[in-house]
Amino acid sequence: MRATVKGRVAVFHPQGFLDGNNAPSFLTIEDIKATEGLNIDMLLVSLKKVIFFNKNGLDVFIRLLINIRNQKHISVGLCDYDTPKFKTIQTFYGSDLNFSLFRTEKIAELFVATNKSDPKTVLLYNEDPSQRSAMAIELFDYGHNPIIVQSKKEFDEKKRNPDLYDAIIEDTYLGLFGQKVATRVTGNAIIYTISNFLDAEIGNSFNIAYHNNSLNVGFRLFIFDAYKVVSMNIHALNFFTKLASSAAEYNATICFVGMTFEKTPITFKNDLEDAGIIFFDQMEDILKNKELLEELGGSSATASKQTRALTKALVNELPGFIDATVSTLAMMTNAKATKESMNIQPLEVKESQNQYASSIGFYGDMDGMIILIFPKTIAKKACELLIGEETDNEEAILDSLAEFVNIIGGRAKTLLGEKKNRVDITLPRTYSNVNALLEMAQNKKGVQVDLSFEGSHFTFFLTR
């Protein structure tokens, strides 16, 4: 089977049934090798003419695609599918989904350099904030104007006017991106979803490294969505008790929402409450009560007693981190950056008024945290670019700021990945009050770089 090439995208078009028995006859190593001489940025398999597929069939294609990706460093994946097929593929691969998915071939073409001279206005939605940000930065890089929406409801409303956009992106996934552990919500809380019967396996399935790094970044409110939990045993009880105990060091709060105790001993609830865990019947009881959010820690951050020294390996990556930050800022604001100073010191902010701040962490082969302090003018300008309209709504600006910092975090993750450092990133923690950030970072020593964007002061701080 030969690939068809349009621009710098090559696509294979198998037909009929795709399973483990016949898939090897559709696509062979020789077919893949035939693409090596092509000047392409992306290699895809179209599912448009595929009547049926299973995981064994897809695996045959994916192994060949990833092999060519490793050799040529190009994007690979699947395209031309509907929503049910998209969900099926996600179910097949789960957290192992390391290739891209594009709803149509035309959507895929937006993510290659070919179309840089033909900018498009693109409506973009993905429920995963990391994916939204990854797509946004790709589209910005290629000269397009992405309009990012942060909720399915808002997306459904906007796409009722398709004439306003050149393309609408949904059911799309960029490989090697994405954080599936948690979801950022209003008030800088993190929600974890748990379900079914909880036992000792919760200790294996819960990403404790992500949780600990979220604490380090400044998150202080963690909500467990337990509506679908049937019951738990003593092993799960011990896990959550220890989790609450470790959170106390950061003055963090852990809440359970929607948990019933029809099949779980009520004594377990008493033990969890004694450990400091708070129970609520409905999620709205927390999220729609701003005073309660602040009281629980959703709007504050307390410093950890732990101090961790900078490592030489981390400092060596500093130029790449700064480049990711500066290039993203320049692209979003059309302003050039000038470096004013760089020092190894505790975080110092001369003027905390009229500024917002955000922090994002990374962990894995290397761990650290990037803190960014923005003038409100820059944050507002970035927000207007992301949502496609002017706004003075502080909550919307902070949400967009989080998207913006996610883009920078995604770029840092990519830079580290290119050097064979496998890392994951936390969700960004935003601060409307810079003093709250300073309280969280008071024990941390790092590299501070002070920059100027058209007279506006901007602070970059790399620490652990």
Side-chain angles (χ1 to χ4, degrees), residues 129 184-190 212-222 247 249-253 290 293-308 310 321-322 325 328-329 341-363 367-380 382-383 394-395 397-409 412 425-451 453 456-464:
R184 180 180 182 275
V185 297
T186 302
N188 281 305
I190 284 182
N212 289 338
N213 278 277
S214 296
L215 284 165
N216 189 47
V217 163
F219 285 99
R220 295 295 177 261
L221 175 57
F222 301 87
E249 177 189 339
Y250 293 83
N251 196 29
T253 302
K290 292 192 174 182
L293 269 174
E294 185 171 354
E295 181 182 336
L296 294 176
S299 300
S300 64
T302 308
S304 165
K305 296 177 183 178
Q306 294 180 345
T307 57
R308 300 191 296 166
L310 285 172
F321 291 145
I322 293 176
T325 304
T328 306
L329 275 168
S341 63
M342 182 172 71
N343 298 288
I344 296 179
Q345 62 181 60
L347 179 60
E348 180 180 313
V349 181
K350 295 179 181 178
E351 177 58 57
S352 61
Q353 299 297 318
N354 296 317
Q355 297 195 81
Y356 293 128
S358 186
S359 54
I360 190 166
F362 54 91
Y363 61 98
D367 68 275
M369 174 168 59
I370 296 171
I371 292 175
L372 304 171
I373 300 177
F374 297 78
K376 290 187 176 181
T377 52
I378 289 181
K380 184 178 178 181
C383 173
E394 185 171 75
E395 189 172 313
I397 294 173
L398 288 172
D399 282 343
S400 295
L401 184 62
E403 298 280 2
F404 183 63
V405 174
N406 231 338
I407 292 171
I408 294 173
I425 57 174
T426 67
L427 291 168
R429 166 68 153 99
T430 57
Y431 299 83
S432 58
N433 183 347
V434 174
N435 290 326
L437 169 75
L438 293 173
E439 183 182 351
M440 181 275 292
Q442 61 182 297
N443 296 327
K444 298 181 183 295
K445 192 173 184 179
V447 181
Q448 178 164 329
V449 181
D450 293 309
L451 303 161
F453 278 83
S456 296
H457 187 77
F458 175 86
T459 300
F460 171 98
F461 189 72
L462 178 65
T463 186
R464 292 183 72 219

Next item on the list: State, without any angle test, whether Asp450 and Ser341 hold a side-chain donor-acceptor pair at a distance under 3.5 Å.
Entry: yes

Note to self: Phe458: which residues meet the ring-ring contact (aromatic ring centres under 6.0 Å, His included) condition with it, sequence neighbours left out?
What the structure shows: Phe374, Phe453

Check: Listed by chain and number, what are the side-chain hydrogen bond (donor to acceptor under 3.5 Å, both in side chains) partners of Gln345, not counting sequence neighbours?
Finding: Gln448

Item checked: side chain to side chain contact (heavy atoms under 4.5 Å, CB included) involving Thr253 - partner list, sequence neighbours excluded -> Leu221, Cys255, Ile278, Leu296

Notebook entry, point to check: Are the side chain of Thr426 and the backbone of Asn213 linked by a donor-acceptor contact shorter than 3.5 Å?
Noted result: no

Item checked: Gap separating the NZ atom of Lys350 from the CD1 atom of Ile373, nearest 0.5 angstrom -> 12.5 Å

Item checked: Over 12 foreign heavy atoms within 6.0 Å of NZ, Lys376 -> yes

Item checked: Closest contact, heavy atoms only, Ser359 versus Met369 -> CB-SD, 4.0 Å

Item checked: Contacts of Asp367 that satisfy salt bridge (charged side-chain N to carboxylate O under 4.0 Å, His left out) - sequence neighbours left out -> Arg308, Arg464

Item checked: Test side chain to side chain contact (heavy atoms under 4.5 Å, CB included) applied to Ala252 - qualifying residues, sequence neighbours left out -> Leu215, Arg220, Phe222, Ala247, Tyr250

Next item on the list: Considering non-hydrogen atoms only, spot the tightest contact between Ser432 and Tyr356 and give its length.
Entry: CA-CD2, 3.7 Å

Note to self: Do Leu438 and Leu347 make a side-chain contact, defined as non-hydrogen atoms from C-beta onward lying under 4.5 Å apart?
What the structure shows: yes

